[in-house]
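Working notes, structure below.
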Amino acid sequence: MAVAATVSLIAAGTSAAGAAPATTGPTTEYTVLLEEPGNRDFAIDAVEAAGGEVVRSNDAVGLLTVKAPANGFAEKVSASSAIVGAARTKPIGHAPAAKAEKAKRDNVEKENKTEKPNKAPAQSGSTAGMDPLDGDLWGLNLVRSNIARAKQAGDKRVYVGVLDTGVDGSHPDIAPNFNNELSRNFTIDIPNDSDGGVFDGPCEFRGCVDPANWDDGGHGTHVAGTIGAAANGFGISGVAPGVSLVNIRGGQDAGSFFLQPVVDAITYGADIGLDVINMSFYVDPWYMNCLNDPTASAEEQLEQRTIIATVQRALNYAHRKGVTLIGAGGNNHEDLGKPRQDIVSPNYPPGHNRTRPVDNATCLNLPTEGNHVISVSSLGPSTNKADYSNYGLEQTSVSAPGGYFRDFFGTPWFRTNENMILSTYPRNVGVAEGNIDEAGNVTPDGVNLGVKKAVQGDKVGYYQYLQGTSMAAPHAAGVAALIVSQYGKKDKKNPGLTLDPDKVEKVLLKTATQRACPNPRTVSYVNVGRSPEFDATCEGDAKFNGFYGHGIVDAYGAVTRGGQFL
């Protein structure tokens with residue numbers, strides 16, 4: 001498969017104009033966005049004049065990685081008419097982020113670890129014709145993938161990109177659909193951060209670059225399994241069990257995302273002809289990136305503007321290239337059209353956060369509020385909106401199963417693992433987390449969290465429960481992949497199938513199962529142990545509302561009725 005070259009390296013110590021300018025004092029790396037991607041030479045001149053040295057570039061969107069003085073460079077280079085702005089290279093997205101941010105996210109996604117789960121009642125769900133553990137996948141049934149596959153199980157010529165912490169391509173449920181040839185890791189492990197603390201931890205592989213079939217976080221592998229675990233009579237199957245999975249890793253082992261690797265992953269995915277990209281992360285160090293932040297320093301303001309412009313440019317590029325973009329709506333339990341004050345930003349370096357007002361007109365939660373992104377809210381098995389899930393008329397496109405540990409209050413199902421989403425789990429992560437021992441057995445802690453082990457001959461696979469909009473988005477991504485499989489045409493530019501992303505979105509939205517707001521419209525989560533801050537009001541009607549968007553994604557409806565909307 002031909003790949004357009006959008007990422008280039010520039011030899012250290014040289015630049016377009018010759019020898020790199022000398023710098024004095026401490027230096028750091030910046031990402032610099034060009035006003036126009038074609039003005040590269042003018043931009044490099046501006047970088048050099050500000051004391052910087054270009055070491056890498058992404059020509060698709062006009063982004064440079066620059067080594068420059070730690071103080072004053074961003075303001076100086078941004079004064080050039082050829083430059084939009086500059087931001088220090090550092091974790092700017094998380095799934096979850098390192099240190100305190102990781103703990104915060106785990107409180108949502110691994111709530112069954114901090115809140116002792118109850119034992120669920122015995123169940124006898126039929127899995128006839130399905131994989132052995134599919135009876136635990138209530139989400140698969142809710143989006144009707146179990147019956148959709150008789151019509152369309154997914155075409156191998158449809159490629160779904162997982163932009164996350166990596167994908168364990170050796171997992172028995174992932175391996176049959178994993179495309180190792182196209183998969184890429186755009187990150188380099190960081191053993192220690194700038195504060196001298198542990199960041200990603202020790203490098204497991206030479207050169208600190210993990211293979212493209214490796215995942216040290218577990219998050220990306222869980223996402224990949226929900227999208228496209230193979231229907232192979234083993235373990236679980238995904239929403240689209242016949243499509244191809246491609247790892248376009250942009251997240252560190254610790255879960256944090258740098259701007260350049262994320263943009264490189266998006267543009268690479270667009271250039272190789274990916275049909276769908278799942279993005280279950282958000283952009284830091286600002287929970288909301290704002291064009292006009294009254295609390296920000298000059299460099300912080302440039303940073304936020306640069307992040308917004310860069311991410312939007314990358315999303316636009318991917319959309320033009322035919323990629324359907326799916327984003328997790330976020331786990332901050334707020335109406336994205338009426339956001340609360342931001343009290344967590346900037347979350348890197350740790351301890352620098354402050355309370356700041358958020359102007360909804362000029363502040364964005366990225367990528368879910370980015371251009372062309374289908375934003376997904378999260379539901380529990382009762383179809384109630386999960387307590388943690390963001391919502392709102394402004395951004396919620398559709399809803400999907402994401403898990404809700406506290407669902408079914410007042411019944412034996414309350415606070416059970418089975419209310420969450422079961423999916424693939426890398427053995428190396430399970431061992432590191434103490435849920436699997438060195439011999440490959442599930443530990444007592446793992447049993448308590450519902451970790452499962454499947455064995456078939458010499459094949460061994462592990463599975464864990466998580467919850468979050470990160471788990472909802474891949475259900476929608478799987479349905480999008482089925483839409484391309486059913487209605488796509490041969491791609492003239494790349495091997496495989498293709499379908500205009502606007503058409504994919506139209507089918508996804510038009511065939512979603514409509515769900516009206518609850519009655520009463522304001523839902524209190526106090527009875528399940530949440531503070532009144534979690535209370536949420538659903539606005540809209542059955543056709544479109546802030547909890548469900550256009551409805552719950554429906555795989556069967558998409559592949560049987562979607563053609564009438566094309």
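Computed from heavy atoms alone, side chains included, the values below leave out hydrogens, waters and symmetry copies.
Every residue two or more places apart in sequence or in another chain that forms a side-chain contact (heavy atoms from CB on, under 4.5 Å) with Val373 is listed here: Met279, Leu315, Leu325. The side-chain contact (heavy atoms from CB on, under 4.5 Å) search around Arg340 returns Asn332, His333, Glu334, Glu533, not counting sequence neighbours. Thr560 meets the side-chain contact (heavy atoms from CB on, under 4.5 Å) test with Lys151, Tyr556; sequence neighbours excluded. Thr411 pairs by the side-chain contact (heavy atoms from CB on, under 4.5 Å) definition with Phe408, Trp413, not counting sequence neighbours.
With contacts defined as side-chain heavy-atom distances shorter than 4.5 Å, the pair Lys338/Asn360 does not qualify. At least one side-chain heavy atom of Tyr465 sits less than 4.5 Å from a side-chain heavy atom of Asp136. In this structure, Asn365 and Gln395 have side chains that are not in contact, with every pair of non-hydrogen atoms separated by 4.5 Å or more. Proximity of Asn146 to Met130: side-chain heavy atoms (C-beta onward) are separated by under 4.5 Å at one or more points. Under the 4.5 Å side-chain criterion, counting only non-hydrogen atoms from C-beta, Phe257 is in contact with Leu163. Ser237 is listed as a side-chain neighbour of Leu140, based on a closest heavy-atom distance under 4.5 Å. Taking 4.5 Å as the limit, some side-chain heavy atom of Ile326 sits within range of a side-chain heavy atom of Ile374.
Within the 3.5 Å criterion, the main-chain N or O of Pro172 finds a donor-acceptor partner in the side chain of Asn232. Side-chain N or O atoms of Asn177 include one that pairs as donor or acceptor with a backbone N or O of Gly228 at under 3.5 Å. At least one donor-acceptor pair closer than 3.5 Å links the side chain of Trp138 to the backbone N or O of Glu418. A side-chain donor-acceptor contact under 3.5 Å links Asp407 to the backbone of Ser382. Formation of a donor-acceptor pair under 3.5 Å by the Asp342 side chain with backbone atoms of Val344 is found in this model. Using a distance-only test at 3.5 Å, with no hydrogens or angles considered, a donor-acceptor pair links the side chain of Thr368 to the main chain of Ala328. Judged purely by atom type and a 3.5 angstrom limit, Arg184 uses its side chain to pair as donor or acceptor with the backbone of Glu181. Remark: side-chain polar atoms of Asn545 are paired, donor with acceptor, to backbone N or O of Tyr548 under 3.5 angstrom. In this structure, the side chain of Asp168 engages the main chain of Ser170 through a donor-acceptor pair within 3.5 Å. Looking only at distances, a side-chain donor or acceptor of Ser389 sits under 3.5 Å from a matching main-chain atom of Ser378.
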Item to complete: Verify side chain to side chain contact (heavy atoms under 4.5 Å, CB included) between Ile248 and Val246, making sure each step is shown before the conclusion.
Response: CA-CA 6 Å; Ile248 49 171; Val246 181; 4.2 Å; yes
Next item on the list: Begin from the C-alpha positions of Tyr317 and His372 and carry the test ring pair (Phe, Tyr, Trp, His ring centres under 6.0 Å) through to its verdict.
Entry: CA-CA 10 Å; Tyr317 181 84; His372 310 295; over 10 Å; no
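Taking a cutoff of 4.0 Å between a charged side-chain nitrogen and a carboxylate oxygen, Arg157 and Asp155 qualify as a salt bridge.
Within the model, atoms CG of Asp173 and OG1 of Thr424 stand 7.0 Å from one another, a figure rounded to the nearest 0.5 Å. Rounding to the nearest 0.5 Å gives a distance of 10.0 Å between CD of Gln467 and CG of Asn417. Put simply, OG1 on Thr267 and NZ on Lys321 are 9.5 Å apart, with the number rounded to the nearest 0.5 Å. Atoms CG and OG1, from Asn289 and Thr362 in turn, are 11.0 Å apart once rounded to the nearest 0.5 Å. Separation of atoms CG (Leu274) and OG (Ser244) is listed at 10.0 Å; rounding is to 0.5 Å. Here the straight-line distance linking atom CD1 of Ile307 with atom CG of Leu366 works out to 8.5 Å at 0.5 Å rounding.
Dense packing is recorded around NZ of Lys459, with more than 12 heavy atoms of other residues, nucleotides or ligands lying under 6.0 Å away.
Applying the disulfide (SG to SG under 2.5 Å) test to residues at least two apart or on different chains, none of the pairs has a partner in residues 471-505.
A donor-acceptor contact closer than 3.5 angstrom is absent between the side chains of Thr221 and His171. With 3.5 Å as the limit, one finds no donor-acceptor pair spanning the side chains of Asn118 and Thr416. No side-chain donor from either of Tyr159 and Asn494 sits under 3.5 Å from a side-chain acceptor of the other.
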Show me, pair by pair, the donor-acceptor contacts under 3.5 angstrom made by side chains of residues 510-517, not counting sequence neighbours?
{"from": "Thr511", "atom 1": "OG1", "to": "Val507", "atom 2": "O", "distance (Å)": "2.6"}
{"from": "Arg515", "atom 1": "NH1", "to": "Thr383", "atom 2": "OG1", "distance (Å)": "2.8"}

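Between Phe409 and Phe414, the two ring planes are perpendicular [angle over 60°; tilted spans 30° to 60°].
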